[in-house]
Structures are given as structure tokens and as C-alpha cells.
Amino acid sequence: SVMQTIRELLDRIHWDPDFAKGEFELGFLDRLEGRIVRLPLRNIGFSPGDHFFFHYMDDQGVDHSVPLHRIKSVYKNGKRIWHRQH
């Protein structure tokens with residue numbers, strides 16, 4: 001089966017209440033730190049109509065805009081349920 005895109009997965013979490021039960025985290029590449037950062041999905045925002053970026057506020061209160069293609073993995077209740085092939 002063809003792996004779903006990150007957009008499809010995020011849409012499913014958004015629209016499918018049964019699937020959405022649980023704690024989700026996104027693992028994305030932080031280019032400044034050169035490492036994968038895991039963020040709770042509840043800490044992440046999406047602008048309406050923007051299908052290419054997500055936003056989050058860091059500990060210093062700085063808003064970051066991150067392209068979806070930098071998301072490398074998605075976790076549900078600590079278990080990896082999705083990852084980018086390359």
C-alpha cells in the first residue's frame with residue numbers, strides 16, 4: 001500500500017474522532033539544532049488554508065513556522081505510526 005502523506009494523516013486525526021483518541025506527537029527536523037524534535041500535536045497550530053506549514057511557540061514565546069516536509073515521523077501514545085521514507 002502507498003503510504004499516506006503527512007497531510008492525509010493530519011486530516012485523518014482532525015476528522016476521525018475515533019482515530020484521534022490518544023496522544024499524538026510530531027517529530028520534525030530542527031535545522032538550527034540539526035536534530036529531530038518531538039512536539040505534542042496539541043502544541044501545534046495550522047493556519048486555515050495553509051497546507052504547507054505548521055506553527056508552534058517555543059519556550060521563549062517565539063512563534064516558529066515549519067514546512068510540513070520537515071515532519072519526519074508521527075507518534076501516537078509513544079508508538080511511531082508514520083515516518084517519511086527519505
All side-chain hydrogen bond (donor to acceptor under 3.5 Å, both in side chains) counterparts of Gln60, not counting sequence neighbours: none

Interatomic distance, Asn43 atom CG to Phe24 atom CZ [nearest 0.5 angstrom]: 14.5 Å

Once salt bridge (charged side-chain N to carboxylate O under 4.0 Å, His left out) is applied, do any residues pair with Asp30, and if so which ones, sequence neighbours excluded? none

Suppose clustering is done on Ile, Leu, Val, Met, Phe, Trp and Tyr with side-chain heavy atoms closer than 4.5 Å. Which residues sit in the same group as Leu29? Ile36

I need the Ile6 CD1 to Leu68 CG distance, nearest 0.5 Å. 7.0 Å

Would you say Arg38 and Phe28 make side-chain contact, with heavy atoms under 4.5 Å? no

With heavy-atom distances below 4.5 Å as the criterion, would you say the side chains of Leu26 and Leu10 are in contact? yes

What's the separation between atom CG in Leu9 and atom NZ in Lys76, rounded to the nearest 0.5 Å? 9.5 Å

Listed partners of Asp63 passing side-chain contact (heavy atoms from CB on, under 4.5 Å), at least two apart: His55, Met57

List in chain and number order the residues that pass salt bridge (charged side-chain N to carboxylate O under 4.0 Å, His left out) with Glu23, two or more places apart in sequence or in another chain; answer none if no residue qualifies. Arg42

Listed partners of His69 passing side-chain hydrogen bond (donor to acceptor under 3.5 Å, both in side chains), at least two apart: none

Phe46 ring center near Tyr56 ring center (under 6.0 Å): no

For Tyr75, the ring pair (Phe, Tyr, Trp, His ring centres under 6.0 Å) test, sequence neighbours excluded, returns none

Distance-only criterion, 3.5 Å: show the donor-acceptor pairs between side-chain atoms of residues 13-20 and protein atoms not counting sequence neighbours.
unit_1	atom_1	unit_2	atom_2	d
Asp16	OD1	Asp18	N	3.2
Asp16	OD1	Phe19	N	3.1
Asp16	OD2	Arg12	NE	3.3
Asp18	OD1	Lys21	NZ	3.0

Set of residues satisfying side-chain hydrogen bond (donor to acceptor under 3.5 Å, both in side chains) with respect to Arg35, sequence neighbours excluded: Glu33

List, by chain and number, the other hydrophobic cluster members for Phe52, where Ile, Leu, Val, Met, Phe, Trp and Tyr join if side-chain heavy atoms come within less than 4.5 Å, directly or indirectly. Phe53

Sequence-distant partners of Arg7, salt bridge (charged side-chain N to carboxylate O under 4.0 Å, His left out), two or more places apart: Asp11

How would you list all residue pairs meeting salt bridge (charged side-chain N to carboxylate O under 4.0 Å, His left out) that involve residues 44-60, not counting sequence neighbours? none

